[in-house]
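As structure tokens, the structure follows; a few thoughts come after it.
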Amino acid sequence: MNTIRNFIDNYVVWFTIPKFTAIDIIEIVIIAYALYHIIVWIKDTRAWVLLKGMIVLGAIFIVALLLEMNVVLWIFRNAMVVGIMALVVIFQPELRNALEKLGRQRIFSNITVFEGKNSRNERYSEKSIKEIIKAVYDMAKVKTGALIVVEREIQCREYEHTGIPINAEISSQLMVNIFEHNTPLHDGAVILRDDRIISATCYLPLSNNLAVSKELGTRHRAGLGISEVSDSVTIIVSEETGAVSLAMDGKLYRKVDADTLEMRLIEASSRLPEDRKKKKGRAKSGRKNKK
């Protein structure tokens with residue numbers, strides 16, 4: 001009898017189901033959510049290479065621990081603090097991007113007290129959207145390279161100050177003139193905000209995404225780069241092919257037509273009333289029927 005009781009106490013007790021409370025479930029969900037996003041972040045950045053290097057170092061540490069290699073263990077212990085500080089410095093851009101993505105989650109959009117409330121229901125009027133589309137495809141026809149940043153909630157003031165202030169109403173003629181060859185303002189990006197052309201010749205951060213096609217140049221990498229650090233919709237017109245591309249949320253969409261561009265710009269405008277949305281839908285269906 002004692003043998004059975006000892007067996008139950010020593011082995012069967014491990015198979016008992018512990019008591020769960022609501023707090024335990026919340027903790028599991030939070031930890032699982034955090035681990036998932038950390039793994040996704042590691043996979044999509046240079047941290048993946050770092051992780052493989054850490055696995056190799058971990059294997060060396062275990063071998064040193066089993067074989068009692070005191071010198072190697074001493075080196076590991078003393079290099080730990082310096083190594084952590086070095087990792088923070090080396091991967092500062094990736095850590096910054098991860099925190100920016102966390103801050104852009106919509107769950108915080110309604111509770112953040114530091115973001116101002118815009119009294120308007122939309123950032124860009126119908127007229128501005130039509131002017132943007134007209135300028136983009138007029139430039140695409142003649143293969144004039146262009147880079148247009150359409151701001152949403154996150155303002156690109158850090159990059160706005162690298163250019164020349166314009167602060168003019170959005171018009172297709174002005175944008176075409178800005179990007180015209182051999183003009184002082186044609187090199188760089190244009191930033192749009194609330195129906196205004198804010199700045200031109202702006203320098204944007206280049207994307208470090210290794211999956212980007214090698215045939216794409218600096219203009220496309222800059223458009224993709226700004227979409228990785230902000231929620232903007234960036235329009236790129238290729239100088240070589242005249243093709244129109246869109247960069248959003250760190251992704252590049254190539255060979256975009258006018259209807260798709262209009263839809264994305266309406267989404268960037270955001271918070272359209274339901275009757276305006278229905279009106280837009282009827283207008284689009286009317287154009288398709290005419291075609």
Side-chain angles (χ1 to χ4, degrees), residues 123-152 156 159-160 162-207 209 211-269 287:
R123 296 183 181 87
Y124 302 95
S125 64
E126 285 186 32
K127 178 179 179 294
S128 294
I129 292 175
K130 289 178 180 178
E131 293 291 324
I132 294 170
I133 295 171
K134 184 177 186 305
V136 167
Y137 287 96
D138 283 348
M139 290 186 287
K141 288 178 183 177
V142 295
K143 297 183 179 180
T144 299
L147 184 57
I148 303 170
V149 179
V150 183
E151 281 189 356
R152 300 179 73 179
C156 306
Y159 309 103
E160 167 194 340
T162 64
I164 297 174
I166 301 294
N167 196 23
E169 183 179 347
I170 294 175
S171 70
S172 60
Q173 295 90 343
L174 179 55
M175 282 196 286
V176 169
N177 285 335
I178 287 174
F179 289 108
E180 188 65 36
H181 292 289
N182 301 321
T183 57
L185 301 180
H186 85 281
D187 192 19
V190 160
I191 296 178
L192 309 183
R193 180 187 306 141
D194 296 334
D195 286 333
R196 309 288 292 179
I197 301 175
I198 299 300
S199 188
T201 69
C202 299
Y203 294 104
L204 304 181
L206 299 181
S207 173
N209 190 344
V212 178
S213 174
K214 299 298 182 183
E215 66 185 34
L216 299 178
T218 305
R219 185 176 287 113
H220 288 81
R221 285 193 173 274
L224 190 59
I226 192 66
S227 74
E228 292 172 348
V229 299
S230 73
D231 60 351
S232 62
V233 175
T234 306
I235 307 168
I236 307 109
V237 181
S238 173
E239 191 171 354
E240 288 76 21
T241 64
V244 177
S245 302
L246 274 180
M248 297 174 56
D249 301 322
K251 296 179 181 178
L252 187 67
Y253 304 90
R254 303 178 65 182
K255 296 181 180 179
V256 176
D257 58 23
D259 288 337
T260 303
L261 178 58
E262 182 181 9
M263 181 178 66
R264 295 300 186 186
L265 290 177
I266 290 173
E267 290 175 358
S269 182
R287 286 198 301 271

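One is the number of the first residue; the rest follow in order along the sequence.
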Considering residues at least two apart in sequence or located in another chain, which fulfil the side chain to side chain donor-acceptor pair (under 3.5 Å) criterion with K134?
D138
Rounded to the nearest 0.5 angstrom, the CG-CZ distance for L246 and R254 is 12.5 Å
Got a salt bridge between K143 and E239, using NZ or NE/NH1/NH2 to carboxylate O under 4.0 Å?
no
Distance from I266 atom CD1 to E126 atom CD, nearest 0.5 Å?
7.5 Å
Rounded at 0.5 Å granularity, tell me how far CZ in R152 sits from OH in Y124.
9.5 Å
Determine whether K251 and S227 make a side-chain contact, defined as any pair of heavy atoms from C-beta on separated by less than 4.5 Å.
no
Using side-chain heavy atoms (C-beta onward) and a distance below 4.5 Å, is L192 in contact with I170?
yes
Over all atoms of both residues, closest heavy-atom pair of R219 and L147:
O-CD1, 3.8 Å
Is there side-chain contact between T234 and M248, with heavy atoms separated by less than 4.5 Å?
no
With a 4.5 Å cut-off on side-chain heavy atoms, are Y159 and V229 touching?
yes
Which atoms form the tightest heavy-atom contact between A140 and V244, and what is the distance?
CB-CG2, 4.0 Å
For the residue pair C156 and R193, what are the closest heavy atoms and their distance?
N-NH2, 4.4 Å
Minimal heavy-atom distance between A247 and L252, with the atoms involved, is CB-CD1, 4.1 Å
Considering only NZ, NE, NH1 and NH2 on the basic side and carboxylate oxygens on the acidic side, decide whether E262 and K130 come within less than 4.0 Å.
no
Side-chain donor-acceptor distances from residues 172-183 under 3.5 Å, at least two apart:
residue, atom, partner, partner atom, Å
S172, OG, E131, OE1, 3.1
N177, ND2, Q173, O, 3.2
T183, OG1, I178, O, 3.3
T183, OG1, E180, O, 2.6

The side-chain contact (heavy atoms from CB on, under 4.5 Å) partner of S232 among I226, D249, I148 is I226
Polar contact flag, side-chain donor to acceptor under 3.5 angstrom, D195-S128
yes
Does atom OH (Y253) have a neighbourhood of more than 12 heavy atoms from anything else shown, all under 6.0 Å?
yes
Does any part of the side chain of I235, heavy atoms only, come nearer than 4.5 Å to the side chain of L261, both counted from C-beta?
yes
When rounded to the nearest 0.5 Å, the distance separating CD of E160 from CG of N167 is 9.0 Å
Minimum heavy-atom separation for L204 and A189, please, with both atom names.
CD1-CB, 3.6 Å
Tell me yes or no: between the side chains of S207 and E228, is some donor less than 3.5 Å from an acceptor?
yes
If every non-hydrogen atom of A200 is compared with every non-hydrogen atom of V190, which pair is closest and at what distance?
CB-CG2, 3.9 Å
Listed by chain and number, what are the salt bridge (Lys or Arg N to Asp or Glu O under 4.0 Å) partners of K127, not counting sequence neighbours?
E169
With a 4.5 Å heavy-atom cut-off, do C202 and T162 have their side chains touching?
yes
